[in-house]
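Working notes, beginning with the structure itself.
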Protein chains: 2
Amino acid sequence: MALIIHVGSSRAQWWKEHLQSLLPDVPCFLWDDPVDPASIEFAVVWKPPVGGLKRFPNLRCIVSMGAGIDHVLADTELPAGIPIIRTTGPDLTQRMREYVCLHVLRLHRRLPEIEAAQDAREWLQLINPPAPGRRVGVMGLGNLGADCARALGLIGFDVAGWARTAKALDGVEVFAGPDELPAFLGRTEILVCLLPLTPATHGILDRHLFAQLPAGASVINVARGEHLVDDDLLAALDSGHLAYATLDVFHQEPLPPEHPFWDHPKVLVTPHVGSLIDPVAGGAVIAANVRRFIEGEPIADMVDLDKGY
Amino acid sequence: MALIIHVGSSRAQWWKEHLQSLLPDVPCFLWDDPVDPASIEFAVVWKPPVGGLKRFPNLRCIVSMGAGIDHVLADTELPAGIPIIRTTGPDLTQRMREYVCLHVLRLHRRLPEIEAAQDAREWLQLINPPAPGRRVGVMGLGNLGADCARALGLIGFDVAGWARTAKALDGVEVFAGPDELPAFLGRTEILVCLLPLTPATHGILDRHLFAQLPAGASVINVARGEHLVDDDLLAALDSGHLAYATLDVFHQEPLPPEHPFWDHPKVLVTPHVGSLIDPVAGGAVIAANVRRFIEGEPIADMVDLDKGY
């Protein structure tokens, strides 16, 4: 019984030692370590290479080092029928809440305009509506989306949410399914995308969706780059229909230096830090889930592969 | 029984009509309108000129168009013994909560560095502690400070407060009086000043106070410009002891074009918009307080002139 780790960062060795210390009875290996493939029963991965996981004939469980599993499903040769566990937990939820509250407030309070005024030494007193008069919409009401919607409501915003299926959230008006998407978009001045990436949500942030937002709306994408049609966003910003975009995720990461988002005056680029997994806190969650799997205990983060997230 | 208004903005006429509509039985005048001084019983003012109020022999009540009354007490010829009413209310509290949450989050999540990285097309992934590992300190626990401390706690920050006298606030460690100020400062990474301006707090944000903050701390002043010793802040930023300052209030407003804050790389200047009074919501609060005064009803916003705020 062994565990293999694929993490494309300079912290790989650290991850190996950390997980080993938390799972002393499960030998842990990095992707390129010499190892008997037949011994591997667990894989803890971020963006595993295509065809990489099928070389482990006794693989029992895949752990995604993040809340999304799209980067695992992107392996077109993924061995079928193997359970996948996401990594969530209070640390990731906390970090995402901070990012979303920060960037909704930044757009709500028109900080880009105030910063531009500072550059011009201009005293620009803008009167905004207070948050109860600002309609924020959160797409995706999983762990992260639901928490963010709740936190925005506590700050005072008029918050609605949209999800695949209806659910109840205190203080949040919930719209569900494609039929209710137009009504959700029509009332949303600041849109936050926290959807899982699935075939149904790939490219959902496109010209058709933007056209249904009120003029002057802004978009925050903190889910996956593939949710967004980059050219459609640029067109909506350049036409003036959308006011601003705050983007944390991109089709290619790091965002290539030649990409027009970098120096677009209406785009804030943040480097996929919305909810960067903390090695200490995230490692503890991963190890605890592997332990539960070994012990046959229920796992809240187990993915429903029929839904795809 | 008449009411006179001093507001130094282009909206003066609007204010007059608004208050008149809310107080139809009290004739309302602007500062420069021809009026019998003996008829004036109420003055609704922002930064009244020195010696201006003493010309009304029958003045019964002064209403400050804001939560602070320092701009009224700055009138060295202010007639003695006249009650002063502050203007607070949920709208001002809401707006201040937004400003403080935005700017604490902005510093916590190191947005200035991320924005500078965008300018350089640099993918700069910084790992921060999550909010429960960030110690925020709020100086001043009146209506606004207490609400901000609570809101920061709901986001997840480790919040402490400091006030003149001890008070209980759920989830907030409260330090009181000069004796406990060093302990409060020593644990504060992001300091928010929401103090009333009194002789005891004038210039409180000085080199002596900054030296008690841990290295790398940041300061947000959203109270009054006179709380801050500008040169001491510049020295603390330039020495590297303080990381950033976010300033909404200044000794002279608008901030003069030649002031070094405008283009200091570690200073964000916002134009006194922390809690800009909304004419509609603020006017309703002012009119309601004048009405209560006329009817002899208790007024929560009545200033305790012994405390000076």
Side-chain angles (χ1 to χ4, degrees), chain A residues 9 90-95 97-99 101-106 108-111 114-115 117-134 150-151 154-157 250 253-259 261-263 267-273 275-279 281, chain B residues 9 90-95 97-99 101-106 108-111 114-115 117-134 150-151 154-157 250 253-259 261-263 267-273 275-279 281:
Chain A
S9 93
D91 185 72
L92 287 173
T93 308
Q94 171 68 47
R95 288 168 192 271
R97 182 195 308 164
E98 297 167 18
Y99 184 97
C101 289
L102 166 56
H103 289 285
V104 169
L105 282 165
R106 177 176 172 272
H108 164 60
R109 293 291 293 236
R110 300 167 69 178
L111 193 57
I114 287 177
E115 290 184 322
Q118 177 174 359
D119 290 341
R121 300 184 179 225
E122 185 190 348
W123 188 261
L124 181 67
Q125 285 192 316
L126 303 165
I127 292 206
N128 313 293
R134 185 74 79 183
R150 213 165 12 234
L154 288 173
I155 291 174
F157 288 104
F250 306 92
E253 296 179 1
L255 185 66
E258 67 279 9
H259 198 288
F261 286 158
W262 278 116
D263 64 0
V267 177
L268 178 67
V269 170
T270 65
H272 204 144
V273 290
S275 184
L276 209 54
I277 195 165
D278 176 82
Chain B
S9 92
D91 185 73
L92 286 173
T93 308
Q94 172 67 48
R95 289 169 191 273
R97 182 195 309 164
E98 297 167 19
Y99 184 96
C101 289
L102 165 57
H103 289 286
V104 169
L105 282 165
R106 178 176 173 273
H108 165 59
R109 293 293 293 237
R110 300 167 69 177
L111 193 56
I114 288 178
E115 289 184 321
Q118 177 174 0
D119 289 343
R121 299 185 181 225
E122 186 191 348
W123 187 262
L124 181 66
Q125 285 192 316
L126 304 165
I127 292 204
N128 314 294
R134 186 74 78 183
R150 209 161 22 227
L154 288 172
I155 290 173
F157 288 104
F250 305 92
E253 296 180 5
L255 186 65
E258 67 278 10
H259 198 288
F261 286 158
W262 279 116
D263 64 0
V267 176
L268 178 68
V269 170
T270 64
H272 205 146
V273 291
S275 185
L276 209 54
I277 194 164
D278 176 83

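Per chain, numbering begins at 1; letters A, B, ... match sequence-line order. Scope of the values below: all heavy atoms of this structure, side chains included, with no hydrogens, waters or symmetry mates. Since we're looking at a predicted model, the values are computed, not measured.
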Check your understanding: For A:His259, what residues pass the ring pair (Phe, Tyr, Trp, His ring centres under 6.0 Å) criterion, not counting sequence neighbours?
Key -> A:Phe261
Review point. Is it the backbone or the side chain of B:Gln94 that comes under 4.5 Å from a heavy atom of chain A, or both, or neither?
Key: side chain
Review point. Any side-chain heavy-atom pair from B:Leu126 and A:Val273 closer than 4.5 angstrom?
Key: no
Study note, to complete from the structure: Whatever's closer than 4.5 Å to a heavy atom in chain B on A:Pro256 counts as neither
Study note, to complete from the structure: Between B:Val269 and A:Gln118 the two heavy atoms that sit nearest each other are N-OE1, 2.9 Å
Practice item. Heavy-atom distances under 4.5 Å only: say whether A:Leu268 touches chain B with side chain, backbone, both or neither. Key: both
Practice item. Below 4.5 Å from any heavy atom of chain B, which atoms of A:Ile277 appear? Answer side chain, backbone, both or neither. Key: backbone
Point to revise | B:Arg95 versus A:Pro130, closest heavy-atom pair with distance | key: NH2-CD, 3.1 Å
**Study point:** Side chain A:Glu98, main chain B:Gly156, donor-acceptor under 3.5 Å
**Key:** no
Practice item. Could you tell me which portion of B:Arg109 (side chain, backbone, both or neither) has an atom closer than 4.5 angstrom to a non-hydrogen atom of chain A? Key: side chain
**Study point:** Winner by heavy-atom pair count (cut-off under 4.5 Å) against chain A, out of B:Ala117, B:Ala120, B:Pro257
**Key:** B:Pro257
Revision key, fill the gap. Note: vs chain B, highest number of non-hydrogen pairs under 4.5 angstrom among A:Leu154, A:Asp119, A:Ile155 is A:Ile155
Review point. Given B:Leu124 and B:Arg110, is the side chain to side chain contact (heavy atoms under 4.5 Å, CB included) satisfied, shown in steps?
Key: CA-CA 11 Å; B:Leu124 181 66; B:Arg110 300 167 69 177; over 6 Å; no
Exercise for review: Select, from B:Val104, B:Asp91, B:Leu111, the one with the greatest count of heavy-atom pairs under 4.5 Å involving chain A.
Suggested key: B:Leu111
Exercise for review: Return the minimal non-hydrogen interatomic distance between A:Arg134 and A:Pro129, and the atom names on each side.
Suggested key: NH2-CD, 3.8 Å
Review point. For A:Ala131, is it the side chain, the backbone, both, or neither that has a heavy atom closer than 4.5 Å to a heavy atom of chain B?
Key: both
Check your understanding: Considering only heavy atoms, which portion of A:Arg97 lies under 4.5 Å from any heavy atom of chain B: side chain, backbone, both, or neither?
Key -> side chain
